Amino acid sequence: MKKITKDNMIFQSEEFLKDKYKFGIILKNLGSPTLELYSDEENYIICRGSVNWPTWIWTKDNFDKSKLSEIEQLINMYLLDIDRTKFTCKKDLYELLVQDNFETLNVDDYFEMGFLLCKNTTKPKICDGGISVPDEKDRKVLEEYWYSDNQEMNGVDKITKEQAIKDVDDFLNSGRFYVLRNSTGKIVSMASFSITEDIAKLAHVYTPIDERGKGYAANLIYQMTNKLLEQGYVPLLYTDYNYIPSNKAYINAGYEPQGILINFSCSKSKLRSK
């Protein structure tokens, strides 16, 4: 194993390019000023963009299992002085860590994250209203929605209301944030996207509880995705694999499930207790 740079040839390898979209977060992290990268330049990449973000571990299909000990060493090297340090990887790697009784693994902290990608949209059930870019007058509603959205999410650290205010400020300034208003002008769904190379990753998709089941999210996703496809991007997103209502909105707009990734955590305190 060794520290590598973002221009390493492993990112151009056939095996990594096969997983390019599923591991698009790694490509996004390559632009971080606090980037940390390790690899054996063939079987795996371990990437952390910031100490505040999960560390992503890419492994090629049928990777050399003798490399497992190297990956375990690197995971332990990345552990922070907090209760749980977050990681994301393929399911087969996670299962190997469990089988190996990996010492710092928290087996009670396991989350299946679905990966969906859209090549062609499917027109969902028509609903009232249309999409638009929100502005300053929408701030309070969006702050409430984003805070509520975060509290409902599985597998993420909860944010404060103060953080929600800051996040919405970033959303409004990004130019990559859309809402759907119903016929009365009420914002009934919201979503954003980020761009990395040819990847457009959807995020912050939310519909308030009293407006769900009316097709608003599917219509917002459908219209926003069409704009992205017209510009030549590959729209994709990550979701709670086991939350059927949310996944249904994406599938109704033309997104196709492409498998899962595992979010898990490890704890440095377990090393100290040995």
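From a predicted model like this one, the values you see are computed outputs, not experimental measurements.
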Steps toward salt bridge (Lys or Arg N to Asp or Glu O under 4.0 Å) verdict (K18, D61): CA-CA 10 Å; K18 186 168 60 177; D61 292 340; 3.4 Å; yes

May I have the step-by-step check of salt bridge (Lys or Arg N to Asp or Glu O under 4.0 Å) for K28 and E197, ending in yes or no? CA-CA 8 Å; K28 183 177 182 178; E197 297 185 359; over 6 Å; no

Do E95 and K91 pass the side chain to side chain contact (heavy atoms under 4.5 Å, CB included) test, and can you show the C-alpha distance, the side-chain angles, and the key distance before you say yes or no? CA-CA 6 Å; E95 290 174 343; K91 190 171 184 178; 3.3 Å; yes

Could you go through the side chain to side chain contact (heavy atoms under 4.5 Å, CB included) check for K201 and S194 one step at a time? CA-CA 5 Å; K201 184 179 80 68; S194 60; 3.9 Å; yes

Given side chain to side chain contact (heavy atoms under 4.5 Å, CB included), test K268 with T85 step by step and report yes or no. CA-CA 8 Å; K268 194 171 186 178; T85 304; over 6 Å; no

Salt bridge (Lys or Arg N to Asp or Glu O under 4.0 Å) between E230 and K227: does it pass, once the steps are laid out? CA-CA 5 Å; E230 288 168 3; K227 292 177 181 291; over 6 Å; no

Run the side chain to side chain contact (heavy atoms under 4.5 Å, CB included) test on S267 and T104 for me, step by step, so that the C-alpha distance in whole Å, both residues' side-chain angles and the decisive distance to 0.1 Å come before the verdict. CA-CA 5 Å; S267 296; T104 60; 5.7 Å; no

Under the criterion salt bridge (Lys or Arg N to Asp or Glu O under 4.0 Å), I'd like the reasoning laid out for E103 against K270: C-alpha separation, chi angles, the key distance, then a yes or no. CA-CA 7 Å; E103 57 192 347; K270 292 186 175 182; over 6 Å; no

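Residues Y21 and M113 share a single hydrophobic cluster, defined by chaining ILVMFWY side chains whose heavy atoms lie under 4.5 Å apart. With hydrophobic clusters built from ILVMFWY side chains whose heavy atoms lie under 4.5 angstrom apart, I165 does not share a cluster with M190. Cluster membership check: F23 shares its hydrophobic cluster with I25, using side-chain heavy-atom separations under 4.5 Å among Ile, Leu, Val, Met, Phe, Trp and Tyr. Y250 and V234 end up in different hydrophobic clusters when Ile, Leu, Val, Met, Phe, Trp and Tyr side chains are linked at under 4.5 Å. Hydrophobic clustering (side-chain heavy atoms under 4.5 Å, transitive across Ile, Leu, Val, Met, Phe, Trp, Tyr) groups I75 together with V107.
Across L93 and T59, no two heavy atoms sit closer than the pair CD2-CG2, 4.0 Å. Of all heavy-atom pairs spanning S39 and E41, the tightest one is OG-N, 2.7 Å. Residue D128 comes nearest to L180 through the heavy atom pair O-CD2, 4.0 Å, listed as atom of the first residue, atom of the second, then distance. Contact between N29 and L35 at its shortest, heavy atoms only, is O-CD1, 3.4 Å. Summarising the geometry of M224 relative to S192, their closest heavy-atom pair is CE-O, 3.8 Å, with the distance given to 0.1 Å. Taking both residues in full, the closest heavy atoms of C47 and L37 are given as CB-CD2, 3.5 Å, listed atom of the first, atom of the second, then distance.
Of the candidates Y178, Y145, F177, F171 forms a ring pair (Phe, Tyr, Trp, His ring centres under 6.0 Å) with just one, namely F177.
In this structure, E144 and V141 have side chains that are not in contact, with every pair of non-hydrogen atoms separated by 4.5 Å or more. The side-chain heavy atoms of D169 and R139, taken from C-beta on, include a pair separated by under 4.5 Å. Put simply, the side chain of I195 reaches to within 4.5 Å of the side chain of F193, judged on heavy atoms. I221 places a side-chain heavy atom less than 4.5 Å from the side chain of V205. Proximity of Y241 to F115: side-chain heavy atoms (C-beta onward) are nowhere separated by under 4.5 Å. L172 has its side chain out of reach of D135: every pair of non-hydrogen atoms, C-beta onward, lies at least 4.5 Å apart. With contacts defined as side-chain heavy-atom distances shorter than 4.5 Å, the pair W56/C89 does not qualify. A heavy-atom distance below 4.5 Å is found between the side chains of L237 and Y255.
D19 and W58 are linked by a side-chain donor-acceptor pair at a separation below 3.5 angstrom, with hydrogens and angles left out of the test. The closest side-chain donor-acceptor pair between S132 and R181 falls under 3.5 angstrom. A donor and an acceptor atom, one from each side chain of Y44 and E42, are nowhere located under 3.5 Å apart. Using a 3.5 Å distance cut-off with no hydrogens or angles, the side chains of Q163 and D167 do pair a donor with an acceptor. D170 and N173 form no side-chain donor-acceptor contact under 3.5 Å, judged by distance and modelled atom types alone. If you check the side chains of Y222 and N252, you find no donor sitting under 3.5 Å from an acceptor. Under the 3.5 Å distance criterion, with hydrogens and angles disregarded, a donor-acceptor pair is assigned to the side chains of S32 and T34.
Note that CD1 of I26 is 12.0 Å distant from OG1 of T196, once rounded to the nearest 0.5 Å. Taking SG of C118 as the reference point, atom CD1 of I251 lies at 11.5 Å (rounded to 0.5 Å). Going from atom NZ of K67 over to atom NZ of K60 covers 10.0 Å, rounded to the nearest 0.5 Å. A distance of 9.0 Å separates OG1 in T55 from CG in L79, rounded to the nearest 0.5 Å. Going from atom OH of Y38 over to atom CG of N8 covers 13.5 Å, rounded to the nearest 0.5 Å. Rounding to the nearest 0.5 Å places CD1 of I71 at 11.0 Å from CD1 of I45.
Judged purely by atom type and a 3.5 angstrom limit, Y206 has no side-chain atom pairing as donor or acceptor with the backbone of S148. Between the side chain of E211 and the backbone N or O of I187, no donor-acceptor pair lies under 3.5 Å. At least one donor-acceptor pair under 3.5 Å links the side chain of K158 to the backbone N or O of Q151. Not one N or O on the side chain of R48 forms a donor-acceptor pair closer than 3.5 Å with the backbone of P54. Using modelled atom types, no side-chain atom of D138 and backbone atom of P134 make a donor-acceptor pair closer than 3.5 Å. With N182 contributing its side chain and G185 its backbone, the two residues share a donor-acceptor pair below 3.5 Å.
Counting heavy-atom neighbours within 6.0 Å of K186 NZ, excluding the residue itself, gives a total above 12. D210 CG: more than 12 foreign heavy atoms inside a 6.0 Å radius. Within a 6.0 Å sphere centred on NZ of K123, heavy atoms belonging to other residues, nucleotides or ligands number 12 at most.
Cation-pi check for K20 over F16 is not met; the charged atom does not lie both under 6.0 angstrom from the ring centroid and within 45 degrees of its normal.
The aromatic rings of Y94 and Y110 lie tilted to each other, with the angle between the two planes from 30° to 60°.
Contact check on K6 versus E36 returns no salt bridge, with no Lys/Arg side-chain nitrogen under 4.0 Å from an Asp/Glu carboxylate oxygen.
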